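This structure is a prediction, so every number in the text was calculated from the model and none was measured.
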Amino acid sequence: MFALPIYAAGNTSDVAATAAIVQGVNDNVIQTTDDRGVIDRHPAAFTGLEATLSFRVIEPDNDVHGLRFRLRGQYYQSLDGFHTDDPDGTLQALYASSISIGRFSTLTISASGTLTALTSARVGDGTLLFTIDPSTTQSTFSLSQGALSLVHELSPRWRVREGAGVLFTSTVSASPFALAGGQELDRRGLDGVQPYGMVSLLRDLTPRDTGDVSVTYRYTYSPYSIDFTSSPPRVAGPQRIHQVIPDAGLSHFFTPDWRNLVRVGASISTPSNFSDDNDPVILPVFSEEVYFTNERWSLMGATHFSYGSVTPRLGSGPTLGLQGSLVGTPYPTGKLRNLTMTAQATATHTSLQAAGSASTHINAVGISLEGRYPLAKGIGISAGYDVRYSTIQTSGTDAVPFFRQIFFVGVSAYFTNNGSTPALQLLNSPFRPAG
């Protein structure tokens with residue numbers, strides 16, 4: 001049955017809302033570089049407002065639909081006398097549905113969007129890779145994605161899965177970017193679009209093991225590309241990259257709580273704008289994901305080696321990544337049994353083809369922690385810490401580093417329709433790397 005409107009009160013199983021006012025410090029709200037190349041990090045205190053709203057609807061035929069919103073805003077007060085920007089913030093939304101189509105087919109639909117200023121973006125938002133911009137630390141950008149997947153049972157042990165989706169990235173506001181020859185680039189507008197399609201054949205090998213073979217096609221387009229080997233940089237033509245990924249996967253349940261997913265395959269891609277070689281780029285791809293879920297914890301850990309685009313304007317290249325997230329309640333009994341927390345960590349290294357034989361290397365690591373403890377029914381205290389460090393370096397040039405920490409503490413109010421204490425949650429990243 002197709003998705004019901006989320007306001008269908010008769011079928012709503014869960015409604016949760018939270019709101020918080022926080023005080024915090026951002027130790028690099030604006031980063032500047034003087035004529036000698038010395039980097040200055042300008043800190044600021046901030047007053048922030050945060051709110052979340054979540055729905056889950058279960059229909060009589062067990063179709064499930066979920067909708068989640070998150071809003072965050074900050075007003076800054078400089079700690080070193082340097083002028084700070086106007087108030088900024090982050091807006092995120094996520095929708096997902098699982099819908100039965102007949103007796104043997106299930107359709108899943110998801111859509112998510114993020115609108116955020118770079119100064120407001122946090123690692124826990126799942127957008128770290130998209131906030132690495134070698135041209136500025138002051139801009140506002142958006143991410144939008146949609147995906148659908150149809151799984152059809154061919155027999156008790158065989159299934160076929162078909163999927164498609166698209167990712168859009170754009171710059172909403174940013175200062176003009178100085179280029180070689182005295183020109184300036186207005187970077188507002190579309191940064192990149194990445195549609196994909198895939199088909200998989202799955203087979204249950206044992207009660208605990210499922211194998212599959214898959215083929216994915218991905219197209220990456222950016223209306224322009226930037227060559228950072230010159231100073232100031234130069235603008236080149238559009239990036240148009242076609243990529244085919246055949247791979248195989250094995251999912252294994254060690255226990256009902258522990259699951260592991262391994263994928264091995266190859267990436268066959270057309271070269272980026274800056275490559276001197278017109279031959280296809282062929283590289284192995286690999287990923288491993290580990291999941292653990294019980295009544296107290298939800299854990300995800302992943303590592304991957306892939307070929308793809310971190311920043312569409314810079315092209316594609318081999319990427320090594322690590323990611324982990326943890327959500328739950330650390331203490332099952334005692335005074336802290338109602339304490340809830342989230343943790344997310346991300347690390348990546350990628351090498352992108354620049355002009356000639358040069359390469360642009362991007363490194364990034366980030367950690368985000370947040371906790372909430374109820375003081376009374378509907379009221380609690382919340383605190384968090386977010387840190388990120390990234391470097392961008394093109395062959396023959398010095399690395400451009402960015403380091404930022406955010407601390408905050410505040411008072412949180414919350415509501416659920418069943419009287420429980422809502423758990424802290426992480427929004428899923430809108431992008432899953434190739435491989």
Output field: ring centroids F305/F286 closer than 6.0 Å
no
Decide whether T346 and Q323 meet the rule of one side-chain donor and one side-chain acceptor closer than 3.5 Å.
no
If we ignore hydrogens and angles and just use 3.5 Å, is the side chain of S269 paired with the main-chain N or O of V281 as donor and acceptor?
no
Y373 side chain near L375 side chain, heavy-atom distance below 4.5 Å:
yes
Under a 4.0 Å threshold between the charged nitrogen and the carboxylate oxygen, would D212 count as salt-bridged to R263?
yes
Under a 4.5 Å cut-off applied to non-hydrogen side-chain atoms, are R68 and Y95 in contact?
no
Between R404 and D27, does any side-chain N to carboxylate O distance fall below 4.0 Å?
no
Would you say that more than 12 heavy atoms from the other residues, nucleotides or ligands in this model lie under 6.0 Å from the OH of Y331, or not?
no
Heavy-atom closest pair (T210 atom, R159 atom, distance to 0.1 Å) is CG2-NH2, 3.6 Å
Count the heavy atoms of every other residue, nucleotide or ligand shown that sit under 6.0 Å from OH of Y219, and state whether that count exceeds 12.
yes
Side-chain donor-acceptor contact under 3.5 Å, T18 with T52
yes
I need the minimum non-hydrogen distance between P280 and I268, along with the two atoms involved.
CB-CG2, 4.4 Å
Over all atoms of both residues, closest heavy-atom pair of H304 and S287:
CB-CB, 3.9 Å
Would you confirm whether N28, through its side chain, and F403, through its main-chain N or O, come within 3.5 Å as a donor-acceptor pair?
yes
Which atom of D247 lies closest to which atom of G265, heavy atoms considered:
CB-CA, 3.6 Å
Could you check whether E370 and S382, counting side-chain N and O atoms only, form a donor-acceptor pair closer than 3.5 Å?
no
Would you confirm whether D257, through its side chain, and F292, through its main-chain N or O, come within 3.5 Å as a donor-acceptor pair?
no
Can you find a side-chain donor-acceptor pair between D209 and H252 that sits under 3.5 Å?
yes
Show the numbers, then the answer: is there a side chain to side chain contact (heavy atoms under 4.5 Å, CB included) between T140 and L118?
CA-CA 6 Å; T140 300; L118 285 179; over 6 Å; no
For the residue pair S200 / S214, report whether a side-chain donor-acceptor contact shorter than 3.5 Å exists.
yes
Decide yes or no on side chain to side chain contact (heavy atoms under 4.5 Å, CB included) for I392 and T360, but give the supporting numbers first.
CA-CA 7 Å; I392 301 172; T360 297; 4.0 Å; yes
Going through the checks in order, is the side-chain hydrogen bond (donor to acceptor under 3.5 Å, both in side chains) test met by S267 and Q243?
CA-CA 7 Å; S267 167; Q243 184 180 20; 2.8 Å; yes
Is the backbone of P330 close enough, under 3.5 Å, to the side chain of R296 for a donor and an acceptor to pair up by distance?
yes
Is the positively charged end of R122 above the ring of F408, judged by distance under 6.0 angstrom from the centroid and angle within 45° of the axis?
yes
Under a 3.5 Å cutoff, is there a donor and acceptor pairing between the side chains of T220 and Q194?
yes
Any chance the side chains of H42 and T32 put a donor and an acceptor closer than 3.5 Å?
yes
Are any side-chain N or O atoms of T416 and backbone N or O atoms of A16, one a donor and one an acceptor, separated by less than 3.5 Å?
no
Could you check if a side-chain atom of I245 sits within less than 4.5 angstrom of a side-chain atom of R218, using non-hydrogen atoms only?
yes
Show, in sequence, the C-alpha distance, side-chain angles and deciding distance for L115 and V172, and conclude whether the side chain to side chain contact (heavy atoms under 4.5 Å, CB included) test is met.
CA-CA 9 Å; L115 174 65; V172 178; 3.7 Å; yes
Have T114 and Q92 got a donor and an acceptor in their side chains that come within less than 3.5 Å?
yes
Donor-acceptor under 3.5 Å (R388 side chain, V123 main chain)
no
Under a 3.5 Å cutoff, is there a donor and acceptor pairing between the side chains of H65 and S97?
yes
Any donor-acceptor N or O pair under 3.5 Å, side chains S120, Q74
yes
If you look at every heavy atom in S173 and R188, which pair is closest and at what distance?
CA-CG, 4.0 Å
Could you check if a side-chain atom of L67 sits within less than 4.5 angstrom of a side-chain atom of S54, using non-hydrogen atoms only?
no
So, S142 and S170: side-chain donor and acceptor under 3.5 Å apart, yes or no?
yes
If the condition is side-chain contact (heavy atoms from CB on, under 4.5 Å), which residues does V365 pass it with, not counting sequence neighbours?
A347, Y389
On the ring face of Y291, is R259 found with NZ or CZ under 6.0 Å from the centre and within 45° of the axis?
yes
When you compare the side chains of D88 and T119, does any donor N or O come within less than 3.5 Å of an acceptor on the partner?
yes
Show the nearest heavy-atom pair for residues D80 and R41, with the distance to one decimal.
OD2-O, 4.4 Å
Check against side chain to side chain contact (heavy atoms under 4.5 Å, CB included), F168 and D191:
CA-CA 8 Å; F168 293 92; D191 288 325; over 6 Å; no
Between Q77 and Y75 (side chain of the first, backbone of the second, donor and acceptor by atom type, cut-off under 3.5 Å), is there such a pair?
yes
Side-chain contact test, heavy atoms from C-beta onward, threshold under 4.5 Å: evaluate it for F82 versus I30 and give yes or no.
yes
Distance only, no hydrogens: is a donor on one side chain within 3.5 Å (strictly under) of an acceptor on the other, for S98 and T108?
no
